[in-house]
Amino acid sequence: MLIDIKSYKIWAVSMAVAVLSFASCKKDFLDVPPQAKQPSAEFFKTQDDATKAVNSIYANLREWRQTAFAPIAVESMGSDETEKGSTPGDATFFNNFDSFTVSATDGQVYDFWKSQYQSINLCNQVLDNIPNISMDEGLRSRYMAEAKFVRAYNYFRLVRAFGDVPLRDHVAAGTEEYNIPRSPKADVWAFIEKDLTDAASVLPQSYGPADIGRATKGAALALHAKVAMYQKKWNDVLTYTNQVMTMGYTLFPNFEQLFRIANENNSESIFEIQCQSLPNIKDASNSQYSQVQGVRGVSGGGWGFNVPTEALANAFEPNDPRRDATIIFRGETTPEGDVINPTGDNPRYNQKSYVPFNTPFVQNEGEDQNVRVIRYAEVLLMNAEAANELGNPTQALASLEMVRARARAGNATILPPVTTTDQPQLRLAIWHERQVELAMEFDRFFDVIRQGRGSEIFGPKGFKAGVSELMPIPSDEIDLSAGVLIQNPGY
């Protein structure tokens with residue numbers, strides 16, 4: 001019997017901790033005490049072992065370095081939509097990411113690097129070992145496709161953050177394989193695309209209730225579209241998004257409620273990282289994604305990091321409902337009835353990660369809040385951008401209007417339809433729609449970079465062309481590699 005991955009704890013079998021930081025071969029990549037541990041020689045023997053191993057991949061996605069400080073620093077803080085938050089003296093290292101003065105010794109850069117390779121390691125263990133298990137062939141194929149999807153997601157996060165990165169397609173067989181050079185980013189992109197092509201050919205469009213949250217065919221196609229978008233492969237973006245648009249996804253009617261716990265895995269959800277409170281397994285209730293961004297100074301709130309900027313608040317068109325659904329303002333009352341102190345530490349907080357203050361939790365506020373990774377709205381905006389780049393403004397406007405119509409929520413006096421067919425003007429309109437629709441979802445920084453507007457948008461913050469597009473390779477990794485890894489320019 002398969003186990004619901006939303007409530008599944010991290011299985012820390014010996015095999016799963018054998019290879020952690022590939023360059024250093026330490027054994028510290030699980031932050032929770034191991035339970036149900038088996039010697040590696042006894043694992044990967046049965047179908048149940050395969051299930052546990054694949055579920056551990058999903059469980060690991062919600063841990064601290066995957067969803068908290070490291071991704072805030074690397075994927076969010078450099079943008080114009082966020083700033084550090086909390087109090088001035090708390091976690092001041094975030095300011096280095098905000099001002100583009102981060103160095104190769106920063107711990108958050110290292111945590112981000114390690115967390116992605118930790119996840120890749122779990123995926124590679126599945127892909128290396130499941131072929132040798134006597135088990136249902138259909139389930140074997142699906143499990144391997146799920147592992148390839150997650151591995152592709154990890155490499156996507158790595159390549160857009162660091163450029164060239166070591167490419168590992170199997171568990172290191174010995175010490176001679178620990179230190180490998182960075183592969184050209186073109187090779188990494190190609191590897192990601194092959195994984196996603198393989199995954200999409202096997203994964204189902206949907207699952208039964210016990211398996212909600214697993215990677216689907218739609219997730220693989222949508223991520224492939226995003227990967228192609230970063231490479232400006234517009235024909236591929238259009239092809240993959242057109243396919244997803246025939247698969248039954250729909251925009252959730254209420255934008256604010258789209259992000260509440262009660263509406264997780266809804267009709268708009270293409271892939272979410274599953275998070276769950278488990279009263280009897282405290283170490284599985286380990287998501288701090290919501291906690292670190294929650295309203296500071298209130299019971300049931302959070303730490304108050306990664307807060308929206310005034311620039312983001314001003315980016316929304318007049319009366320756009322998404323503004324109040326994206327940003328918690330000091331002094332407001334949320335739709336769920338929480339009164340926000342008018343004199344709190346920060347003027348704004350992330351409403352998309354918000355969980356009502358009276359929600360019970362085991363150890364971390366908001367630990368039930370799933371992390372939205374890919375939504376159907378983004379598929380429509382990728383479709384619009386690709387269609388415009390390929391000279392089809394009619395399709396571009398139609399896809400763009402679907403997103404704006406949902407935001408409009410029936411109010412014809414706001415958010416008028418975009419009508420321009422001028423390619424440069426429509427491009428800017430689509431980019432703006434991405435900014436307000438996907439705000440606070442850890443997308444804006446790298447979106448602006450791939451658009452080639454880093455200096456234009458982030459220049460006032462200290463962005464340096466030719467340097468700030470990428471993060472530094474962690475100095476510890478370079479040291480451990482004995483110089484095999486080469487630093488990015490400017491660091």
Side-chain angles (χ1 to χ4, degrees), residues 6-7 9 31-32 59 61-72 76 82-91 94 252 254-266 269 272-309 312-313 322-372 439-442:
K6 184 170 172 68
S7 61
K9 88 171 294 291
D31 294 327
V32 298
L61 287 178
R62 64 176 177 251
E63 63 97 23
W64 169 260
R65 291 177 296 190
Q66 290 277 356
T67 61
F69 273 15
I72 286 174
S76 183
T82 59
E83 55 195 11
K84 180 179 79 69
S86 186
T87 60
D90 196 6
F94 279 129
F252 194 76
N254 186 312
F255 185 82
E256 193 273 337
Q257 287 294 306
L258 163 65
F259 298 95
R260 304 288 75 83
I261 290 173
N263 297 313
E264 291 171 344
N265 303 306
N266 60 52
S269 172
E272 298 181 12
I273 295 172
Q274 306 294 304
C275 303
Q276 178 77 48
S277 296
L278 295 177
N280 297 321
I281 311 177
K282 186 177 180 180
D283 290 325
S285 308
N286 63 336
S287 173
Q288 294 179 262
Y289 164 77
S290 177
Q291 181 188 50
V292 299
Q293 300 180 82
V295 177
R296 187 174 177 86
V298 60
S299 177
W303 300 357
F305 289 103
N306 197 47
V307 299
T309 60
L312 175 60
R322 291 174 294 189
R323 181 178 185 267
D324 285 338
T326 299
I327 304 172
I328 295 177
F329 291 92
R330 190 164 49 192
E332 75 161 90
T333 299
T334 70
E336 288 70 32
D338 286 328
V339 178
I340 309 302
N341 193 321
T343 59
D345 287 313
N346 302 113
R348 293 166 292 272
Y349 296 94
N350 183 1
Q351 190 154 329
K352 289 182 176 178
S353 65
Y354 155 76
V355 172
F357 302 155
N358 63 357
T359 304
F361 60 91
V362 176
Q363 62 182 12
N364 304 318
E365 294 94 337
E367 63 200 4
D368 285 300
Q369 175 79 317
N370 281 2
V371 182
R372 277 66 171 176
M440 304 304 297
E441 296 182 51
F442 295 56

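Using a distance-only test at 3.5 Å, with no hydrogens or angles considered, a donor-acceptor pair links the side chain of Arg260 to the main chain of Tyr354. Between the side chain of Arg330 and the backbone N or O of Gly344, at least one donor-acceptor pair lies under 3.5 Å. The backbone N or O of Asp324 lies less than 3.5 Å from no partner atom in the side chain of Glu256, so there is not a single donor-acceptor pair. Remark: side-chain polar atoms of Asn350 are not paired, donor with acceptor, to backbone N or O of Gln293 under 3.5 angstrom. Using a distance-only test at 3.5 Å, with no hydrogens or angles considered, a donor-acceptor pair links the side chain of Arg372 to the main chain of Leu258. Proximity of a side-chain donor or acceptor of Gln369 to a complementary backbone N or O of Phe259 within less than 3.5 Å is detected. Looking only at distances, no side-chain donor or acceptor of Ser76 sits under 3.5 Å from a matching main-chain atom of Phe442. Checking side-chain atoms of Asn370 against main-chain N and O of Cys275 turns up a donor-acceptor pair under 3.5 Å.
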For this session: Go through the steps for Thr326 and Phe255 under the test side-chain contact (heavy atoms from CB on, under 4.5 Å), then give the verdict.
Result: CA-CA 9 Å; Thr326 299; Phe255 185 82; 3.8 Å; yes
For this session: Could you go through the side-chain contact (heavy atoms from CB on, under 4.5 Å) check for Gln291 and Phe361 one step at a time?
Result: CA-CA 11 Å; Gln291 181 188 50; Phe361 60 91; over 6 Å; no
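You'll find the side chain of Ile340 reaches within 4.5 Å of the side chain of Thr334, heavy atoms only. Looking only at side-chain heavy atoms (C-beta outward), Ile261 and Val355 come within less than 4.5 Å of each other. You'll find the side chain of Met440 reaches within 4.5 Å of the side chain of Pro308, heavy atoms only. Under the 4.5 Å side-chain criterion, counting only non-hydrogen atoms from C-beta, Asn286 is in contact with Arg62.
Between atom CD of residue Gln288 and atom OG of residue Ser353 there is a gap of 13.0 Å, rounded to the nearest 0.5 Å. Atom-to-atom distance recorded for Gln351:CD and Ile328:CD1 is 4.5 Å, nearest 0.5 angstrom. Taken to the nearest 0.5 Å, the NZ atom of Lys84 stands 11.5 Å off from the CD1 atom of Ile72. Here CG of Asp338 is found 9.5 Å from CD of Glu332. Values are rounded to the nearest 0.5 Å. If you take OG on Ser285 and CD on Gln363, they are separated by 6.0 Å, rounding to the nearest 0.5 Å.
Residues Asn358 and Glu336 bring no donor and acceptor atom of their side chains to less than 3.5 Å of each other. With no hydrogens or angles considered, no side-chain donor-acceptor pair links Thr309 and Glu83 at under 3.5 Å.
Listed by chain and number, the residues in a side chain to side chain contact (heavy atoms under 4.5 Å, CB included) with Asp345 are Thr87, Arg296, Tyr349 (sequence neighbours excluded). Annotation: side chain to side chain contact (heavy atoms under 4.5 Å, CB included) contacts of Val339 (sequence neighbours excluded): Thr333.
Salt bridge Glu441/Lys352: present, at least one basic N to carboxylate O contact under 4.0 Å.
Here the shortest heavy-atom pairing between Ser277 and Val362 reads CB-CG2, 3.9 Å. Of all non-hydrogen atoms in Tyr289 and Thr67, the two that sit nearest each other are CD1-O, 3.6 Å. Nearest approach of Ser86 to Asp90, heavy atoms of both residues: OG-OD2, 2.8 Å.
Ring planes of Trp303 and Trp64: tilted class, angle from 30 to 60°.
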